[in-house]
Amino acid sequence: MKSHRQELWFNLPERMEFVNITPQVEKCLHDSGIREGMCLVNAMHITASVFINDDEPGLHRDYKKWLEELAPFDPSPTRYHHNRTGEDNADAHHKRQIMGREVVVAITEGKLDFGPWEQIFY
């Protein structure tokens, strides 16, 4: 069995931002030389997510609105017990739980085996 591990680092200026990382993952796959198998992409930060969906700006706005409704940003310790530790990111932990930590994509003939419109987002 052949495996390959590569880290991608992102510094995003917004509290919530969706970045299409499909080109970077495709480059990692190409560099690996793997032709058949599975590709695991996971966020190694406790308040970050990785998910697969359409790269459509309206959908991304809908996600942001929906996530804010489910877990609104509130830095005070009143709403979230986690913020009593001195942090202000309890909402981000909840949002990560909803959006997911990782995705797995089949590799077929050296390419990510996506359905129509599928892209990987961080």
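Under the ring-ring contact (aromatic ring centres under 6.0 Å, His included) criterion, the residue pairs touching residues 14-44 are Phe18-Phe51, Phe18-His60, with sequence neighbours excluded. Applying the salt bridge (charged side-chain N to carboxylate O under 4.0 Å, His left out) test to residues at least two apart or on different chains, the pairs with a partner in residues 22-44 are Lys27-Asp31.
Qualifying ring pair (Phe, Tyr, Trp, His ring centres under 6.0 Å) partners for Phe114, counting only residues two or more places apart in sequence or in other chains: none. Listed by chain and number, the residues in a side-chain contact (heavy atoms from CB on, under 4.5 Å) with Arg79 are Pro72, Asp74 (sequence neighbours excluded). Shown here are the side-chain contact (heavy atoms from CB on, under 4.5 Å) partners of Asn20, two or more places apart in sequence or in another chain: Thr22, Pro23, Asp55, Gln119, Phe121. In this structure His82 satisfies the ring pair (Phe, Tyr, Trp, His ring centres under 6.0 Å) test together with His93, sequence neighbours excluded. With sequence neighbours excluded, the residues forming a side-chain contact (heavy atoms from CB on, under 4.5 Å) with Arg61 are Pro57, listed by chain and number. Scored by the side-chain contact (heavy atoms from CB on, under 4.5 Å) test, Glu14 finds Glu17 as partners (sequence neighbours excluded). Every residue was checked against the salt bridge (charged side-chain N to carboxylate O under 4.0 Å, His left out) condition with Arg101, not counting sequence neighbours, and none meets it.
Nearest heavy-atom pair across Cys28 and Leu8 is SG-CD2, 4.0 Å. Scanning all heavy atoms of the two residues, the minimum distance from Ile21 to Tyr122 falls at CG2-CB, 3.8 Å.
The pair Glu69-Lys65 counts as a salt bridge, with a side-chain nitrogen and a carboxylate oxygen less than 4.0 angstrom apart.
Within the 4.5 Å cutoff, side-chain heavy atoms of Arg15 are placed close to those of Asp91.
Atom CD1 of Ile107 is separated from atom OG of Ser32 by 6.0 Å, given to the nearest 0.5 angstrom.
In the hydrophobic clustering (ILVMFWY side chains linked at under 4.5 Å, chained through shared members), Tyr80 stands by itself. Membership of the apolar cluster around Val104 extends to Met38, Leu40, as traced through chained side-chain contacts below 4.5 Å between ILVMFWY residues. Membership of an apolar cluster is not assigned to Trp9, as no side-chain contact below 4.5 Å to another ILVMFWY residue is traced.
No more than 12 heavy-atom neighbours from other residues, nucleotides or ligands sit within 6.0 angstrom of CD on Gln97.
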